[in-house]
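All heavy atoms count here, side chains included; hydrogens, waters and symmetry mates do not.
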Amino acid sequence: MCGLIGFTGGGADNAALVKKMADKIVHRGPDSFGSYTDENITLGFRRLSIIDLSEGDQPIFNEDKSLVVVMNGELYNYKSIREELIAKGHVFGTNSDTECLVHLYEEYGTDMLSRLRGMFAFIIYDKKDNSVFCARDFFGIKPVYYSFTGGNLYIASEIKALLEHDAIKKELNEDALENYLTFQYSVLEETFFKGIFKLMPAHYMIFKDGSLVKKRYWHAEFDPQNSTLEDATDAIEHALLDSVEAHKVADVEVGSFLSSGVDSSFVAATFKGDKTFTVGFDYDNYNEIGYAKAHSEAVGIQNYSKTITTEEYWDAIPHVQYHMDEPLADASCVALYFVSKEASKHVKVVLSGEGADELFGGYNIYREPLDIKLLTDLPMPIRRFLGAAAKRIPFSFKGKNLLIRASKTIEERFIGNANVFSVEDRTDILKNSKKTSPMQITGTYYEKVKHKDDITKMQYLDVHLWMVGDILLKADKMSMAHSLEVRVPFLDKEVFKVASKLRTDFRTNRNMTKYAFRLTAKKFMPDDVAQKKKLGFPVPIRIWLKEDKYYDKVKEKFTSKAADRYFNTDKLVGLLEVHRSGKKDLSRKIWAVYIFLVWYDRYFEA
């Protein structure tokens with residue numbers, strides 16, 4: 001896990017400029033700095049040494065130095081690739097996984113991507129034709145940001161590095177703000193900075209002769225197949241144990257994150273390491289440390305834990321949003337910041353459970369199509385009528401929300417695991433709103449799975465939006481803030497092959513989420529752990545916002561000049577007052593706005 005930089009165009013000061021850009025992301029790779037520059041391109045690299053500690057510094061070249069590469073990530077099958085390439089006559093100068101890339105490119109061109117197993121973002125520069133080839137891994141575990149302006153291409157692992165280049169103008173993208181308020185993360189391909197984009201997962205781009213071409217090279221699709229439950233659990237067990245073992249490839253010690261959930265518990269029980277890491281809050285119902293210590297003791301592993309105080313949490317928020325590059329209103333990212341900090345005191349690499357819910361059907365919301373099936377079996381005109389009638393009733397009653405939700409198609413009611421501000425509420429608080437519907441973003445994805453069942457549609461959407469924009473991004477940014485590499489064995493091509501073929505009821509059914517996976521997990525842990533309900537990472541935001549100290553802290557932001565630039569501040573204060581009174585829990589809405597303002601202060605005001 002490292003940090004990369006690349007930009008085209010000559011310049012006398014490029015060597016100094018790339019060092020300046022790389023220094024902004026030194027946290028991604030404090031072990032060494034490397035660079036390459038010629039009249040056409042400049043590449044920079046910050047290294048966190050994990051494999052081939054003595055000879056793996058980058059950039060790395062092929063035999064005749066006509067190709068040069070920088071890579072962020074790990075290739076878990078690099079040893080078998082290396083053997084294949086040596087047999088074909090390629091000569092290696094190092095034992096690193098990165099060097100495989102230049103030789104694979106020589107041999108297969110862009111088709112090389114299908115041979116990789118791992119998490120990666122890389123840039124290969126071909127001196128022979130002056131072309132730049134940049135690719136991002138299958139699921140989007142590693143980030144890639146770029147800007148194509150003035151006929152030149154600029155690439156980096158983090159936006160803050162790009163902003164150091166004089167050619168990059170720093171300007172807020174208000175379209176990103178509007179959609180963020182609904183999705184709680186930056187959902188557009190264009191980031192919060194105008195002209196700076198994300199290379200999407202499973203995509204590559206080629207820059208040559210002044211033009212930029214992007215292409216998808218792999219597609220995560222669900223294709224359920226009939227099988228027995230026994231065959232399904234056997235396949236899951238084999239794929240996961242193989243993946244966990246593959247993800248341990250390193251020349252340094254590997255640890256594991258551990259919460260009270262079945263995902264991280266499975267990894268901790270099977271990775272055969274010595275150390276697990278856990279955090280909790282100084283509230284009884286928001287602390288998983290006791291469970292983690294008991295589980296670690298049961299499987300014979302040392303657990304290291306940290307209790308986060310309320311003051312520590314709030315003090316860390318500006319630092320967290322700085323490292324995120326773009327605002328993220330997921331309160332658990334601060335917890336990830338602290339657990340990464342704790343782990344980095346002991347190891348350089350940890351395994352984590354991200355991706356299990358999206359692949360195996362773990363979110364509680366995935367059961368909703370089953371819960372409202374009696375209603376959704378009714379003709380749509382009747383459902384619309386019942387939903388409209390329920391909306392008109394001014395008071396709450398049992399089943400009101402179900403009637404309203406059942407009156408909509410899955411495409412209308414589900415935009416992912418977060419749906420914070422409705423279009424109407426968002427328009428109410430923003431000074432300038434285009435009133436864009438979330439369906440303008442989600443519709444493209446739903447179209448690709450229009451013939452699938454509703455649960456599969458929900459999973460597909462989360463794999464391509466929520467998991468990339470929230471789950472994986474915070475894992476990368478919060479770990480790299482502390483020079484820690486996080487590896488996610490659930491998000492492996494071979495694991496996905498198994499998960500994608502599971503029958504829908506083996507993923508989610510009326511009684512249980514992640515059904516087949518939980519049955520598999522029972523072989524490695526007690527039943528109560530394997531069947532534990534999905535909680536996420538509980539953070540007591542709703543409690544804090546009613547306390548004077550934090551109410552006042554948020555109100556100060558809500559009445560600031562920055563807030564007044566984009567929001568109707570009286571409406572923002574109104575949200576705070578309603579929440580504090582206890583009439584409604586508006587903590588998620590308040591938090592989304594507050595986090596944006598904290599981030600904005602750091603990047604545009606500080």
Side-chain angles (χ1 to χ4, degrees), residues 171-188 192 194 314 317-318 321 324 326-331 390-396 400-401 404-405 412-413 415-441 470 539-606:
E171 184 179 356
L172 183 74
N173 175 14
E174 290 193 45
D175 289 344
L177 169 59
E178 184 161 18
N179 286 286
Y180 156 84
L181 290 173
T182 292
F183 287 88
Q184 95 169 11
Y185 59 91
S186 176
V187 70
L188 302 178
F192 264 79
K194 278 190 176 180
W314 284 82
I317 292 171
Q321 294 307 314
M324 284 304 307
E326 300 183 84
L328 176 65
D330 187 335
K391 274 187 178 180
R392 287 195 296 269
I393 297 174
F395 55 85
S396 296
K400 179 177 181 178
N401 190 49
I404 294 172
R405 293 185 69 80
E412 292 170 325
R413 68 179 186 265
I415 65 165
N417 260 271
N419 189 344
V420 185
F421 281 93
S422 67
V423 174
E424 295 76 17
D425 289 344
R426 193 178 69 195
T427 303
D428 193 41
I429 65 166
L430 282 171
K431 285 190 170 178
N432 299 303
S433 173
K434 294 181 180 178
K435 302 181 182 180
T436 53
S437 167
M439 292 178 68
Q440 292 179 237
I441 296 168
D470 186 303
V539 182
I541 297 295
R542 61 181 181 84
I543 298 172
W544 290 335
L545 291 175
K546 294 180 180 181
E547 298 177 7
D548 288 346
K549 180 177 180 179
Y550 302 108
Y551 167 90
D552 291 340
K553 193 179 189 74
V554 173
K555 187 174 181 179
E556 182 181 359
K557 276 281 188 284
F558 280 11
T559 55
S560 65
K561 289 183 179 179
D564 188 56
R565 191 171 295 126
Y566 301 105
F567 297 96
N568 298 313
T569 56
D570 58 326
K571 300 288 187 180
L572 298 184
V573 174
L575 296 178
L576 262 178
E577 298 295 346
V578 170
H579 179 80
R580 194 183 200 188
S581 72
K583 294 177 181 177
K584 290 182 180 179
D585 180 1
L586 299 179
S587 56
R588 293 184 70 188
K589 291 182 177 181
I590 293 167
W591 196 248
V593 177
Y594 176 71
I595 289 300
F596 165 75
L597 293 172
V598 170
W599 170 85
Y600 184 85
D601 280 353
R602 183 61 185 81
Y603 275 92
F604 288 89
E605 299 288 329

With no hydrogens and no angle check, is any side-chain donor or acceptor of [X] less than 3.5 Å from a backbone partner on [Y]?
X      : Y      : result
Asp470 : Leu328 : no
Gln440 : Ser437 : yes
Asn173 : Asp175 : yes
Gln321 : Phe596 : no

Where [X] and [Y] come nearest, the two heavy atoms and their spacing:
X      : Y      : result
Pro318 : Val598 : CA-CG1, 3.8 Å
Pro438 : Ile415 : CB-CG2, 3.8 Å
Phe558 : Ile590 : CZ-O, 3.6 Å
Val420 : Gln184 : CG2-CB, 3.8 Å
Arg405 : Arg413 : O-CD, 3.3 Å
His579 : Ser587 : ND1-N, 3.6 Å

Can you confirm whether the side chains of Ser433 and Arg426 place a donor and an acceptor under 3.5 Å from each other?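 Absent: no donor and acceptor within the cut-off.
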Could you check whether any side-chain heavy atom of Val423 comes within less than 4.5 Å of a side-chain heavy atom of Thr182, counting everything from C-beta outward?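 Heavy-atom side-chain distance check fails, nothing below 4.5 Å.
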Are Glu577 and Lys583 packed together at the side-chain level, in the sense that at least one heavy-atom pair is separated by less than 4.5 angstrom?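 No. Closest side-chain heavy atoms not under 4.5 Å.
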Measure the acute angle between the ring planes of Phe192 and Tyr180, then classify it against the limits of 30° and 60° as parallel, tilted or perpendicular.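 Rings of Phe192 and Tyr180: perpendicular, over 60°.
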Would you call the rings of Tyr550 and Trp544 parallel, tilted or perpendicular, taking 30° and 60° as the class edges? tilted
Under 6.0 Å from the [atom1] atom of [X], do we count more than 12 heavy atoms belonging to anything else shown?
X      : atom1 : result
Lys431 : NZ    : yes
Lys434 : NZ    : no
Lys400 : NZ    : yes
Glu547 : CD    : yes

Rounded to the nearest 0.5 Å, how far does [atom2] of [Y] lie from [atom1] of [X]?
X      : Y      : atom1 : atom2 : answer
Phe183 : Ile441 : CZ    : CD1   : 4.5 Å
Asp585 : Lys546 : CG    : NZ    : 7.0 Å
Leu572 : Leu597 : CG    : CG    : 7.5 Å
Tyr603 : Met324 : OH    : CE    : 9.5 Å
Arg588 : Asp330 : CZ    : CG    : 8.5 Å
Asn179 : Glu174 : CG    : CD    : 12.5 Å

Could you walk me through whether Tyr594 and Leu545 pass the side-chain contact (heavy atoms from CB on, under 4.5 Å) check? CA-CA 11 Å; Tyr594 176 71; Leu545 291 175; over 6 Å; no
Assess whether ring-ring contact (aromatic ring centres under 6.0 Å, His included) is satisfied between Tyr566 and Tyr600, documenting all intermediate values. CA-CA 11 Å; Tyr566 301 105; Tyr600 184 85; 5.4 Å; yes
Determine, stepwise, if the pair Ile429 / Lys589 fulfils side-chain contact (heavy atoms from CB on, under 4.5 Å). CA-CA 11 Å; Ile429 65 166; Lys589 291 182 177 181; over 6 Å; no
Do any pairs count as a ring-ring contact (aromatic ring centres under 6.0 Å, His included) and have a residue in residues 418-440, sequence neighbours left out, and if so which ones?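 Residue pairs with at least one partner in residues 418-440: there are none.
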